[in-house]
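These notes are about the structure you will find just below.
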Amino acid sequence: ISIPLAHLAGVLSIWQLYVVGFVNGVATVFFDVAYQAYLPSLVERDQLVEGNAKLDTSRSGAQLVGPGLAGVLIERLGAPIAVFVDAVSFFASALFLLLIRKAEPAPEPRAVGEPRPSMRREVAEGLRYVLGHAYLRNIAACTGTSNFFSNVIFSILLVYLVRELGMSPATIGIVFGVGALGFLVGALSGSRIAARLGVGRTILAAAVVFSAGPLLLAIAPRQGAEAFLMAAMAITGFAGTVYNINQVSLRQAITPQRMQGRMNATMRFIVWGTIPLGSLAGGVIGTLASLPAAIWVGALGGLLAFVPILLSPVPGIQRIPDAGPDPA
């Protein structure tokens, strides 16, 4: 609901825009947790990888087409109309969701007289489940570490590209556009790679690759930096998408239906909670030391991301399992 309000930016005060942004952020978290919890009700467990791959394909395609379409609309019709068109698109998305006909299993009924569990109790149960599960806690550690160090880089990346590498806005746009192709390729191939390597080894291999990708940013020379940056973004985007498709599918498969929402909310809290911390660290390092120093800290620190997966039982998983006893 908050998204369509964005086209009123010209008449809203700054604090009202903050409110719109806040409501939008809250709604996005609810949506992301809900759709990941709902997918196992839509498809069979052996179709989870394919289902998540198709979702990522549509998202990657939208990310590729969206900026170009936005540029055309802004140039031809103006920015307010472009934002309004974007707002209308969210209503179209909601309409498509309403067309889904498969019913979700009802939650287990509470016993007569049993009080509704408090939010604190449910949050604690979600944390205990994730941190007590050998697959989930190591996936959370890998993703959270990667998010922290990648945002050390991303928080100052645009400033670094302009000040240190002397890149123009047009060149930066081309670099990001070409690099984004990695997301689409990863979405199209994620399920096929898992079918060949096995789900666990695919998760580990993808984590190793996206952990190493940012090193290309750190070593990029001033002359000819574009090729290094495109390669870094394409490799990281490809491997990150393959990783996400398979680790999300694994999480959904091994978690009982009643815990899907709490598991996804807890994972989001852990792995997204490192993002603002990484951004803050990147800004501090870039200010107190230098922009290249922040890039190197993010690139070298990110090399640690795959270690929790390597030390876990995850690489031994050949195919998506059924929900069962939690491995300690």
State, with a plain yes or no, whether a side-chain heavy atom of Val248 is found less than 4.5 Å away from one of Leu48. no
Side-chain touch Asn246/Leu250, heavy atoms, less than 4.5 angstrom: no
Residues pairing under ring pair (Phe, Tyr, Trp, His ring centres under 6.0 Å) where one sits in residues 261-287, two or more places apart or in two chains, turn out to be none
Item to complete: Please check if Val242 and Ile139 belong to a single hydrophobic cluster, counting links between Ile, Leu, Val, Met, Phe, Trp and Tyr side chain heavy atoms closer than 4.5 Å.
Response: no
Separation between CG (Asn151) and CG (Leu157), nearest 0.5 Å, reads 11.0 Å
### Query
Are Ile245 and Tyr135 connected in the hydrophobic side-chain network, where two residues link if heavy atoms are under 4.5 Å apart?
yes
The side chain to side chain donor-acceptor pair (under 3.5 Å) partners of Glu44 (sequence neighbours excluded) come to none
Min side-chain heavy-atom separation Pro40-Gln257 under 4.5 Å: yes
May I have the step-by-step check of side chain to side chain donor-acceptor pair (under 3.5 Å) for Gln36 and Asn52, ending in yes or no?
CA-CA 9 Å; Gln36 289 189 356; Asn52 280 300; over 6 Å; no
Heavy-atom nearest pair, Leu77 first then Ile81, reads O-CG1, 3.6 Å
Review point. Side-chain heavy atoms under 4.5 angstrom apart, residues restricted to Ile, Leu, Val, Met, Phe, Trp, Tyr: same cluster for Tyr160 and Ile219?
Key: no
Side chain to side chain donor-acceptor pair (under 3.5 Å) filter on Arg201, not counting sequence neighbours, yields Gln318
Scan the side chains in residues 289-316 for donor-acceptor partners under 3.5 Å anywhere in the protein, sequence neighbours excluded, and list what turns up.
from: Ser290; atom 1: OG; to: Ala293; atom 2: N; distance (Å): 3.2
from: Ser312; atom 1: OG; to: Ile309; atom 2: O; distance (Å): 2.8
from: Ser312; atom 1: OG; to: Val314; atom 2: N; distance (Å): 3.1

d(Leu184 CG, Ser189 OG) to nearest 0.5 Å is 9.0 Å
Review point. Does the pair Ser211 and Phe149 meet the rule for a side-chain contact (heavy atoms from CB on, under 4.5 Å), with working shown?
Key: CA-CA 10 Å; Ser211 296; Phe149 285 107; over 6 Å; no
Distance col, row Leu39:CG vs Gln260:CD, nearest 0.5 angstrom, shows 9.0 Å
Q) According to a 4.5 Å side-chain heavy-atom criterion applied to Ile, Leu, Val, Met, Phe, Trp and Tyr, with indirect links allowed, do Leu229 and Leu158 form part of one hydrophobic cluster? A) yes
Hits for ring-ring contact (aromatic ring centres under 6.0 Å, His included) against Phe31, two or more places apart or cross-chain, chain-then-number order -> Tyr35
Can you tell if the side chain of Leu288 reaches within under 4.5 Å of the side chain of Ile285, non-hydrogen atoms only?
no
Query raised in the report: Could you go step by step and tell me if Met233 and Leu216 meet the side-chain contact (heavy atoms from CB on, under 4.5 Å) rule?
Result: CA-CA 9 Å; Met233 293 179 184; Leu216 291 172; over 6 Å; no
Query raised in the report: Just by distance, with hydrogens left out, do Thr202 and Tyr243 show a side-chain donor and acceptor under 3.5 Å apart?
Result: no
Can you confirm whether Ile320 sits close enough to Gln252 that some side-chain heavy atom of one is under 4.5 Å from a side-chain heavy atom of the other? no
Table please: side-chain donor-acceptor pairs of residues 161-183 below 3.5 Å, with sequence neighbours left out.
from: Ser168; atom 1: OG; to: Thr171; atom 2: N; distance (Å): 3.2
from: Ser168; atom 1: OG; to: Thr171; atom 2: OG1; distance (Å): 2.9

* Are any non-hydrogen side-chain atoms of Phe210 and Ser146 less than 4.5 angstrom apart? -> yes
- Would you mind reporting whether Tyr129 and Pro256 have side-chain heavy atoms less than 4.5 Å apart? yes
Exercise. With the threshold set at 4.0 Å, does a side-chain nitrogen-carboxylate oxygen contact exist between Glu125 and Arg121?
Worked result: no
To the nearest 0.5 Å, atom CZ of Arg137 lies from atom OG1 of Thr266 at 14.5 Å
Between the CZ atom in Arg319 and the CD1 atom in Ile317, the distance rounded to the nearest 0.5 Å is 12.0 Å
Q.
For Ile270 and Thr143: C-alpha separation, side-chain torsions, deciding distance, then whether side-chain contact (heavy atoms from CB on, under 4.5 Å) applies.
A. CA-CA 9 Å; Ile270 294 172; Thr143 310; over 6 Å; no
Practice prompt. Determine whether the side chains of Thr274 and Asn147 contain a donor N or O and an acceptor N or O closer than 3.5 Å.
Written response: no
Check: Gln247 and Val199 side chains under 4.5 Å, non-hydrogen atoms
no
ask   = Is there a path of hydrophobic side-chain contacts, each under 4.5 Å between heavy atoms of I, L, V, M, F, W or Y residues, that connects Phe148 with Leu217?
value = no
